[in-house]
Structures are given as structure tokens and as C-alpha cells.
Asks: 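Sending over a structure as C-alpha cells; questions will come in a sec.
Numbers here simply count residues along the sequence, with the first being 1.
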Amino acid sequence: MKIWHLIFNLCILSLFLQCSEIKMPVKTNSMNTETSKNNPYYSRTDKTKLNVSNEEWKKILSPDLYAVAREAATERPFTGKYNETDELGEYYCAVCGNHLFRSSSKFASSCGWPSFFQSEKDAVKYKRDSTHGMERIEVVCGRCDSHLGHVFNDGPEPTGVRYCMNSVSLDFVPDSESQR
């Protein structure tokens, strides 16, 4: 029986390590609307590519958002504000307002972070990530190059991919509040 307990614990640990970067744990509990209000680069309509220094972002972003978005840290699993959100709406980059995901592509992956099977067209870019002794594909915002999370090939149909995102890197606007 002890061997099964050990195997179970190792499986759970590997699941957490697969999504996380174990660099700098960040706990988020609510959307920081002040960050977007005080951010001159934040726009949900402007698609212009941004070239802003990390020094400038550090002045604008909250410490938690800066750590994840600009230093590729991660929030602890199962602590993000959007991990269990199932309301219909749109997900945007919390740094620049770029439209990233529609809630209809979100699914319950049980990995501890919000997961999506499809991003909006041209919304994200991909980078090779060899940190922490793992080979992964990092997902960054296509407009501001902020770290969002990673993508894995273990998602549901129709794409077969899982975008494993940090809640702190996302803003969510429910359909009930958006003007479509």
C-alpha cells in the first residue's frame, strides 16, 4: 500500500511541475483594476506591437503581475482567480489588453491553472523554454511579449493542445459586461 501512496504522490508532483516553473511563487486573489487604469499601454482595441522596457513595466504593473509577466514566474497551482471560472466571456492580456481567449475554449484540465484548447488567431507567440531541466513551449502575448504560461500537447479535441495559463496574466470580461 505504501508503494501506491508513493506513486500517487509522485504523479501529483509531476503534474504540478509540468505546468509550473517553480521560480517565484505568486499568489493572486483578485483582478488589479488599478494596474490597467494606470497603464498607458493597456488597450483592448489597439493591436500595435509594444516595445516597452522592463524598467518601464516595473513602474506600471503590480509586483505579482510583473513577476509573472516580465520575469516568467508562476502562481501557485489552484490559487488563481480564473482556475475554476466557467462564466462566458473574453480573456485578455492583463499587461496590455490584447484579446487572447474566448471562454468557449476553456476547459477543466485539473492541472491547477486555467486551461484553454485554442487561442485567438495571432494573439500569442511561442518560445522554446529549457528552464528547470524541462523542455517546454512558453506562451507569450503577441502584442507585449509578456509571459502567459505554457502550451502542451495533451489537450482535448479539436486541437489536442492545452494552454496552461497564469490567472494573474489574464483579465476576464464576462459577456454580461461586454458590449458586443
Asks: Can you see which heavy atom on W113 is nearest to which on P77, and at what distance?
Replies: CH2-CB, 3.5 Å
Asks: Ignoring hydrogens, what is the shortest heavy-atom contact between S176 and E87? Give both atom names and the distance.
Replies: OG-OE2, 3.9 Å
Asks: A side-chain contact here means heavy atoms from C-beta on lying under 4.5 Å apart; do C144 and W57 qualify?
Replies: yes
Asks: Indicate whether any N or O donor in one side chain lies under 3.5 Å from an N or O acceptor in the other, for S62 and D64.
Replies: no
Asks: Tell me if a side-chain donor or acceptor on N166 pairs with a main-chain N or O of V168 at a distance below 3.5 Å.
Replies: no
Asks: Going by the rule salt bridge (Lys or Arg N to Asp or Glu O under 4.0 Å), which residues pair with E135 if we only count those two or more places apart in sequence or in a different chain?
Replies: R128
Asks: Passes side chain to side chain contact (heavy atoms under 4.5 Å, CB included), D175 versus R102? Steps please.
Replies: CA-CA 10 Å; D175 283 352; R102 173 77 185 143; 2.7 Å; yes
Asks: Please examine the side chains of K106 and Y91, heavy atoms only from C-beta on, and report whether any two atoms are closer than 4.5 Å.
Replies: yes
Asks: Once rounded to the nearest 0.5 Å, what's the spacing between atom OG of S110 and atom CD of E84?
Replies: 9.0 Å
Asks: Return the orientation label for the Y163 and Y126 ring planes: parallel under 30°, perpendicular over 60°, tilted otherwise.
Replies: tilted
Asks: Measure the OG-CE distance between S119 and M165 for me, rounded to the nearest 0.5 Å.
Replies: 9.0 Å
Asks: Tell me, with the steps shown, if E75 and S167 meet side chain to side chain contact (heavy atoms under 4.5 Å, CB included).
Replies: CA-CA 8 Å; E75 61 195 5; S167 286; 3.3 Å; yes
Asks: Of all residues at least two apart in sequence or in a different chain, which pass the side chain to side chain donor-acceptor pair (under 3.5 Å) check with K125?
Replies: D145
Asks: Same cluster or not: are V139 and Y82 linked, directly or through other Ile, Leu, Val, Met, Phe, Trp or Tyr residues, by side-chain heavy atoms under 4.5 angstrom apart?
Replies: yes
Asks: State the CZ-CG distance between R70 and L65, to the nearest 0.5 angstrom.
Replies: 9.5 Å
Asks: If you look at every heavy atom in L88 and S103, which pair is closest and at what distance?
Replies: CA-OG, 3.2 Å
Asks: Got a sec, which hydrophobics cluster with F107, joining ILVMFWY side chains under 4.5 Å apart, including via others?
Replies: F117
Asks: Count the heavy atoms belonging to other residues, nucleotides or ligands that lie under 6.0 Å from NZ of K121, then report whether that count exceeds 12.
Replies: no
Asks: Following the transitive rule for hydrophobic clusters with a side-chain heavy-atom cut-off under 4.5 Å over Ile, Leu, Val, Met, Phe, Trp and Tyr, establish whether I137 and V124 coincide in one cluster.
Replies: yes
Asks: What's the spacing between L50 CG and E56 CD if we round to 0.5 Å?
Replies: 11.0 Å
Asks: In Å, rounded to the nearest 0.5 Å, how long is the span from CZ of R44 to CG of D171?
Replies: 5.5 Å
Asks: For a quick test of reading the model, state the closest non-hydrogen atom pair linking E138 to A72 and the distance between them.
Replies: OE2-CB, 4.3 Å
Asks: Could you tell me if the side chain of E71 sits less than 4.5 Å from the side chain of H147, heavy atoms only?
Replies: no
Asks: Can you find a pair of side-chain heavy atoms, one from C96 and one from C141, that are under 4.5 Å apart?
Replies: yes
Asks: Check the angle between the aromatic planes of H150 and F152 and answer parallel, tilted or perpendicular using the 30° and 60° thresholds.
Replies: tilted
Asks: State, to 0.1 Å, how close N98 and A123 come at their nearest heavy-atom pair, and which atoms those are.
Replies: ND2-O, 3.1 Å
Asks: Please report the closest heavy-atom contact between S105 and Q118, naming both atoms and the distance.
Replies: OG-O, 3.0 Å
Asks: Any chance you could measure D129, atom CG, to R136, atom CZ, to the nearest 0.5 Å?
Replies: 4.5 Å
Asks: In terms of hydrophobic clustering (I, L, V, M, F, W, Y; side-chain heavy atoms under 4.5 Å; direct or indirect links), are V95 and V140 co-clustered?
Replies: no
